[in-house]
Amino acid sequence: AQKITQTQPGMFVQEKEAVTLDCTYDTSDQSYGLFWYKQPSSGEMIFLIYQGSYDEQNATEGRYSLNFQKARKSANLVISASQLGDSAMYFCAMREPISSGSARQLTFGSGTQLTVLP
Amino acid sequence: DAGITQSPRHKVTETGTPVTLRCHQTENHRYMYWYRQDPGHGLRLIHYSYGVKDTDKGEVSDGYSVSRSKTEDFLLTLESATSSQTSVYFCATFAGDNYEQYFGPGTRLTVT
């Protein structure tokens, strides 16, 4: 069974600084996908970034990058130049292989509440 | 945005009453999911569907049933609501041929 662990229930960062949100995962599959979602106070789930387990380069999307360390089973989210609008809950998630005949659902961590300070 | 709507968006109901939540999508995605979100747990899978009339249980399915009679609609039913089912419910869809899972706006359900 897959498991996602986010050990930081809350984080604070100064505006314009970079912040790293930790995510470790556990799976016996060789092929999998890793995701980060943002959930602002309004409640919607916003997709941020995706990393495939066979992708050799770390994924980047604007100010978001995913620090993927496969051997350590970690997939940390790095937000550069934090903005006040980045204050939100952030979820790490994993999908099992599409070829497995499974539900293809996402398994989520418990989330990290990020607060950006002015 | 996969054109996912959920109804109702907010509902307050009493213990023991039946409740049905609706998820509607416009993108013809094959897979549909119901998750619940509770503090400290992230999102957990309740039920999912991999086609019309094809459904299966997820991690926290007790007390819930689902139906999918059309590709675009996925219904979640609480046969007899309990206070432990107070939660935010998210519907999601997945086309199956790329990686992104799309989420609806959520339904906040309170069982008193």
Report summary line: Interface check, chain B: of Y50(A), Y37(A), F35(A), most non-hydrogen pairs under 4.5 Å belong to Y50(A)

Query raised in the report: Listed by chain and number, what are the salt bridge (Lys or Arg N to Asp or Glu O under 4.0 Å) partners of R36(B), not counting sequence neighbours?
Result: D38(B)

Query raised in the report: Is R68(B) salt-bridged to D73(B), cutoff N-O under 4.0 Å?
Result: no

Report summary line: Residue set satisfying salt bridge (Lys or Arg N to Asp or Glu O under 4.0 Å) with D22(A), at least two apart, ordered chain then number -> none

Query raised in the report: Measuring heavy-atom distances to chain B, does Q39(A) have an atom under 4.5 Å in its side chain, in its backbone, in both, or in neither?
Result: side chain

Query raised in the report: Of the backbone (N, CA, C, O) and the side chain (C-beta and beyond), which part of E59(B) lies under 4.5 Å from a heavy atom of chain A, both, or neither?
Result: neither

Report task. Report the option among M45(A), Q6(A), M89(A) that has the most heavy-atom pairs separated by less than 4.5 Å from atoms of chain B. Result -> M45(A)

Report task. Inspect the surroundings of NZ in K73(A) and state if more than 12 heavy atoms from other residues, nucleotides or ligands are less than 6.0 Å away. Result -> yes

Report task. May I ask you to name which of G42(B), S49(B), G58(B) has the most heavy-atom pairs under 4.5 Å with chain A? Result -> G42(B)

Requested in this report: Could you tell me whether Y102(B) and H29(B) have their ring centroids closer than 6.0 angstrom?
Outcome: yes

